[in-house]
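A short worksheet on the structure shown next.
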Amino acid sequence: MSVALPVLPRQRIIAIDAMRGLTFVVMLFVNCLAGADGVPYGLQHFAANVDGMSLADVVFPAFLFVVGMSIPFSLNHRLAVEGGMRQTVWQVLTRAFGLIVIGLFMVNTEEGYNEAAMGMSISLWALCFYAAVLMAWGPGGRWLRVAGALVIVALALVYRSGADGQGWMATAWWGILGCIGWAYLVASLVYLGGRGRLALLALATAACVAWFMVSAACGGNGVIAMHATHTSIVLCGAICVLLFFDGGRAGRRLPAGLALAVLLALAAWLLHRFYPISKIGATPPWALYCAALCSALFTLLYWLIELRGVTRWTALVQPAAANPLVTYLLPVALVTLMHYLHWQWWPVLMHGGAAIAFSLLFAAVMVALVTVLNQYNIKLKL
């Protein structure tokens, strides 16, 4: 069945890759800095009771925004290649399922587990899971993928939680990747169902905000309200891409990007009268302020890269942009291995300026490792 969607450029947009890569590099930096003391307050996550956000609190919504920016391009391409809506929806479902599964497993390594009932340490269990993820979604053949899936099922059956060891995995929230998976799923279906119309995407964004407001007023399901907020950010990313690239808007791209940033910031300012700015609470002001920042940043990157041709620096972040899942999971697997071996960072690296310098170095080393893995085609494709 032929589906009419917005007409977008077929070539890769370097500015989008640069924004994705920058997001992951900053993620590596702030994640390594987490738990350090004596560093500027604005570099670490704000507590749940603080009305405001830090650099660390902007990274996750930047992930979501970039996911939204990729949706129009990826779904348009899939429809063109596969030739039908059914295959495209199936690919969306399987990709979202993979993200949700990985996020669910990862979040359940953080707390609640019962190692005695499992018969193995949580670190060993997690390392087996990361190996299975590489088997299931890595560069191997069909049988390796089947083996990876079977290992994941076996690890799920082994998992135990609670003091009595009778519980299983908790879904109070789905972890970063799980939340991205849910938001990607909803936003993709909205995009396909609405044929990529800007008005419908904007209406869906408003509906997500309204869902949070109604849920907060009625004391409803906070998890669903959280997912609605995350989905609003993904939708904003899709709207940004369409404003830039759908149709003959070449001369109006920069004003459109800045206008979107201003409108989102204004909406956030109005909602801030009723709700705090909180990443932990997944509040609309936090989401819309972050989306406004992302819109403004992409406008700057587009001007710098696509219009001015300043591209050489993008090679520093391109490896992370080309292999985002490995970039996300590699440092987590490394820290898990350190826990299993009972290793830890030198205490001096977790304080003050030394912590900042070490975190910058750590981010650079992780990107270098991802570069090597890219050369050997070690990637995760959901």
* Output, in order, the C-alpha distance, side-chain angles, deciding distance and verdict of side-chain contact (heavy atoms from CB on, under 4.5 Å) for Val234 and Tyr184. => CA-CA 7 Å; Val234 177; Tyr184 163 79; 5.6 Å; no

* Begin with the C-alpha distance, continue with both residues' side-chain angles, and end with the deciding distance and a verdict on ring pair (Phe, Tyr, Trp, His ring centres under 6.0 Å) for Trp345 and Phe358. => CA-CA 10 Å; Trp345 303 121; Phe358 173 67; 5.0 Å; yes

* **Verdict with supporting geometry, Leu293 and Leu264, side-chain contact (heavy atoms from CB on, under 4.5 Å)** => CA-CA 9 Å; Leu293 288 172; Leu264 290 173; over 6 Å; no

* To do: Take Tyr191 and Arg195 through the side-chain contact (heavy atoms from CB on, under 4.5 Å) test and state the conclusion after the steps.
  => CA-CA 6 Å; Tyr191 179 83; Arg195 304 298 191 266; over 6 Å; no

* Step by step, work out the side-chain contact (heavy atoms from CB on, under 4.5 Å) result for Thr299 and Phe244. => CA-CA 9 Å; Thr299 302; Phe244 267 79; 3.7 Å; yes

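In terms of modelled atom types and a separation under 3.5 Å, the side chain of Asn108 and the main chain of Ala170 share a donor-acceptor contact. Checked by atom type and distance alone, the side chain of Ser54 pairs as donor or acceptor with a backbone atom of Gln44 at under 3.5 Å. Side chain of Trp173 to backbone of Gly178: no donor-acceptor contact under 3.5 angstrom is found. Within the 3.5 Å criterion, the main-chain N or O of Gly194 finds a donor-acceptor partner in the side chain of Arg197. Of the possible donor and acceptor atoms, none in the side chain of Asp17 sits under 3.5 Å from a partner among the backbone N and O of Ala321. Ser161 contributes no side-chain N or O that, together with a main-chain N or O of Met169, makes up a donor-acceptor pair within less than 3.5 Å. With hydrogens and angles disregarded, no donor-acceptor distance shorter than 3.5 Å links the side chain of Asp57 to the backbone of His45. A donor-acceptor contact shorter than 3.5 Å is absent between the side chain of Gln87 and the backbone of Leu79.
The line from CE of Met53 to CD1 of Ile280 is 14.0 Å long, rounded to the nearest 0.5 Å. Between the CD atom of Gln318 and the CZ atom of Arg20 there is a distance of 10.0 Å, given to the nearest 0.5 Å. The distance from atom CZ of Arg95 to atom OG of Ser188, rounded to the nearest 0.5 Å, is 8.0 Å. Atom-to-atom distance recorded for Leu134:CG and Leu329:CG is 10.0 Å, nearest 0.5 angstrom. Summarising the geometry, atom SG belonging to Cys236 is positioned 10.0 Å from atom CG belonging to Leu201; distances are rounded to the nearest 0.5 Å. Residue Leu243 holds its CG atom at 11.5 Å from CG of Leu258, rounded to the nearest 0.5 Å.
If you run side chain to side chain contact (heavy atoms under 4.5 Å, CB included) between Thr23 and each of Thr327, Val66, Val58, Val317, only Val66 comes through.
Between the side chains of Tyr113 and Arg160, not a single donor N or O lies within less than 3.5 Å of an accepting N or O.
Relative to the six-membered ring of Trp269, Arg273 meets both conditions, a distance below 6.0 Å and an angle of at most 45° to the axis.
If you look at Phe65 and Phe298, their ring centroids are not closer than 6.0 Å. For Tyr159 and Trp125, the distance between ring centers is under 6.0 angstrom. Aromatic rings of Phe29 and Phe362 (six-membered ring for Trp) have centroids beyond the 6.0 Å cut-off, not under it. Side-chain rings of Tyr328 and Phe24 stay apart, their centers remaining 6.0 Å or farther from each other.
Note on Val335: it does not cluster hydrophobically with Val370, by side-chain heavy-atom contacts below 4.5 Å among ILVMFWY residues.
Ring pair Trp286/His230 is perpendicular by interplanar angle, where above 60° counts as perpendicular and below 30° as parallel. Under the 30°/60° scheme for interplanar angles, the aromatic rings of Tyr41 and Phe46 are found to lie parallel.
Counting all heavy atoms, side chain and backbone alike, Pro6 lies closest to Gly196 at CG-O, 3.5 Å. The two atoms that bring Thr229 and Ala282 nearest to each other are OG1-O, 2.8 Å, heavy atoms only. When all heavy atoms are compared, the tightest approach of Cys128 to Leu155 is C-CD1, 3.7 Å.
Counted within 6.0 Å of OH on Tyr275, heavy atoms from surrounding residues, nucleotides or ligands total more than 12; the atom is thus considered enclosed. With a 6.0 Å radius and a threshold of 12 heavy atoms from other residues, nucleotides or ligands, Trp90 has its CH2 atom at or below the threshold. Taking a 6.0 Å sphere around CD of Gln375, one finds it holds more than 12 heavy atoms contributed by other residues, nucleotides or ligands. In the displayed structure, Glu115 atom CD is contacted under 6.0 Å by more than 12 heavy atoms of other residues, nucleotides or ligands.
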